[in-house]
Amino acid sequence: MQAQGETLLRELVDYEKTLAADVDKAKEKAASIINEAEDNARASLASARKDADKYAQSQAKKATTASQKARDKVLEAAQTDVAALQASAKKHQAEAVALIVERVLP
């Protein structure tokens, strides 16, 4: 009976060692999975940042282009108005000179 008890005890010790080894393997696998997930998360974050930077640059370029177009339109309208005023002034210049001469030299 004592031999049977020792055998049972050895089997329990062996089983405990097997379970401990299985737990260690499971911990290693869990750590590996966590490391892989962290690596994937870092890669995803880096990719997202790169995409966000590209998007921001694209939007900044579009905003600069739109701003330049708006500036050009305002400038063009102002130049058109100045040209119209210059033409009007030139048209009435001779009349103004004649009127001044008439009033100064009666």
Side-chain angles (χ1 to χ4, degrees):
M1 176 117 171
Q2 187 177 2
Q4 189 178 14
E6 286 180 19
T7 304
L8 184 58
L9 185 58
R10 273 192 222 122
E11 287 176 4
L12 284 173
V13 169
D14 289 343
Y15 184 65
E16 183 181 354
K17 287 179 184 177
T18 302
L19 287 177
D22 289 347
V23 168
D24 289 343
K25 286 179 187 176
K27 284 180 182 179
E28 289 175 8
K29 184 166 181 152
S32 173
I33 290 170
I34 288 170
N35 288 337
E36 184 179 344
E38 288 174 344
D39 290 344
N40 289 341
R42 279 190 287 275
S44 293
L45 186 58
S47 178
R49 282 187 178 137
K50 186 177 178 182
D51 290 346
D53 287 345
K54 283 182 183 178
Y55 180 75
Q57 289 173 355
S58 170
Q59 292 303 314
K61 187 175 180 179
K62 286 180 183 178
T64 300
T65 301
S67 173
Q68 185 66 36
K69 286 181 180 179
R71 179 188 167 280
D72 291 347
K73 274 186 168 181
V74 169
L75 187 58
E76 184 179 320
Q79 288 172 341
T80 300
D81 290 345
V82 166
L85 288 172
Q86 286 175 335
S88 176
K90 193 171 190 176
K91 178 180 173 186
H92 297 293
Q93 183 179 11
E95 295 171 11
V97 169
L99 184 62
I100 290 172
V101 169
E102 180 181 310
R103 290 194 180 173
V104 173
L105 305 172

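Predicted model, so just to flag it, every value in this text is computed and none were measured. Every heavy atom of this structure was used, including side-chain atoms; hydrogens, water molecules and symmetry mates were not.
- No donor-acceptor pair closer than 3.5 Å links the side chain of Ser32 to the backbone N or O of Glu28.
- Of the candidates Val104, Leu99, Val97, Val101 forms a side chain to side chain contact (heavy atoms under 4.5 Å, CB included) with just one, namely Val97.
- Between the CG atom in Asn40 and the CG atom in Asn35 there is a gap of 11.0 Å [rounded to 0.5 Å].
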Please step through side-chain contact (heavy atoms from CB on, under 4.5 Å) for the pair Asp39 and Arg42, ending with a clear verdict. CA-CA 5 Å; Asp39 290 344; Arg42 279 190 287 275; 2.5 Å; yes

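- For residues 50-75, the set of pairs meeting the salt bridge (charged side-chain N to carboxylate O under 4.0 Å, His left out) definition, not counting sequence neighbours, is empty.
- Using a 4.5 Å heavy-atom cutoff, the side chains of Lys27 and Val23 are in contact.
- Under a cut-off of 6.0 angstrom, the local environment of CD in Glu38 is crowded, with over 12 non-hydrogen atoms contributed by other residues, nucleotides or ligands.
- Other residues, nucleotides and ligands contribute only 12 or fewer heavy atoms inside 6.0 Å of the CZ atom of Arg49.
- For the atom pair Thr18 OG1 and Lys25 NZ, the distance stands at 9.0 Å (nearest 0.5 Å).
- Annotation for Gln59: atom CD counts as buried by contact number, over 12 foreign heavy atoms lying within 6.0 Å.
- The structure places CG of Leu19 at 12.5 Å from NZ of Lys17, a figure rounded to the nearest 0.5 Å.
- We find the CD-CG distance between Gln68 and Leu75 to be 9.5 Å, quoted to the nearest 0.5 Å.
- Environment of CD in Glu6: crowded, with over 12 heavy atoms of neighbouring residues, nucleotides or ligands closer than 6.0 Å.
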